[in-house]
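All remarks here apply to the structure that follows.
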Amino acid sequence: NYCENMKEDIESYLRMQKELIAKHNGETAIFSKGKLIVVEKDLKTALKKARKKTKTKEIFVAELYTPEEQTAAILIVV
C-alpha cells in the first residue's frame, strides 16, 4: 500500500542520507518501494529515468543537500 511504500522509501533515504549527500551533494535521488532507483544532477532527468525503471507512480524524491544548506535556502526564501 502507498503509506507502507512511502515509509520504506523514507527509511531507506534516512539510512543512506549521509553517504548520498557526501557523494551526490546538490543532486536528486529517487526511491521506490524502499530502494534507491535513480540519482541525477537535475530533477527532470531523474524523474524521466525513474519512470523507465518503475511502473509505479509512488516515488519518494529527495534533494541531496546538507541540513545547513537546506536551512540557508529556507532563510533566503523567507
Side-chain donor-acceptor pairs under 3.5 Å in residues 10-17, sequence neighbours left out?
from: S12; atom 1: OG; to: E8; atom 2: O; distance (Å): 3.0
from: S12; atom 1: OG; to: R15; atom 2: NH2; distance (Å): 3.1
from: S12; atom 1: OG; to: G34; atom 2: O; distance (Å): 2.5
from: Y13; atom 1: OH; to: Q17; atom 2: NE2; distance (Å): 3.1

**Request:** Apply side chain to side chain contact (heavy atoms under 4.5 Å, CB included) to T56 and list each qualifying residue two or more places apart in sequence or on a separate chain.
**Result:** S32, K33, T54, E58
**Prompt:** Shortest non-hydrogen contact from E63 to L43?
**Reply:** OE2-CD1, 4.2 Å
**Item:** Spatial distance of atom CZ (F31) from atom CD1 (I37) [nearest 0.5 Å]
**Value:** 9.5 Å
**Request:** Verify the cluster assignment for L47 and V38: are they in a single hydrophobic cluster under the rule of side-chain heavy atoms below 4.5 Å apart?
**Result:** yes
**Message:** Taking salt bridge (charged side-chain N to carboxylate O under 4.0 Å, His left out) as the definition, give me every residue that meets it alongside E19, ordered by chain and number, with sequence neighbours left out.
**Reply:** K23
**Message:** To check you understand the geometry: which heavy-atom pair defines the closest contact between D9 and K35, and what is its length?
**Reply:** OD1-N, 4.2 Å
**Message:** Let me check something: do I21 and L36 share a hydrophobic cluster, defined by ILVMFWY side-chain heavy atoms less than 4.5 Å apart, either directly or through other members?
**Reply:** yes
**Request:** Report the distance from atom CD of E69 to atom CG of N25, rounding to the nearest 0.5 Å.
**Result:** 4.5 Å
**Contacts of K41 that satisfy side chain to side chain contact (heavy atoms under 4.5 Å, CB included) - sequence neighbours left out** = E27
**Prompt:** What residues form a side chain to side chain donor-acceptor pair (under 3.5 Å) with Q70, not counting sequence neighbours?
**Reply:** none
**Prompt:** Taking only residues at least two apart or on different chains, which pairs with a member in residues 33-53 satisfy ring-ring contact (aromatic ring centres under 6.0 Å, His included)?
**Reply:** none
**Item:** T28 to D42 - nearest heavy-atom pair and separation
**Value:** OG1-C, 4.1 Å
**Message:** Return the CG to CG distance between L20 and L64, rounded to the nearest 0.5 Å.
**Reply:** 5.5 Å
**Prompt:** Between atom CZ of R51 and atom CD1 of I59, what is the distance when rounded to the nearest 0.5 Å?
**Reply:** 4.5 Å
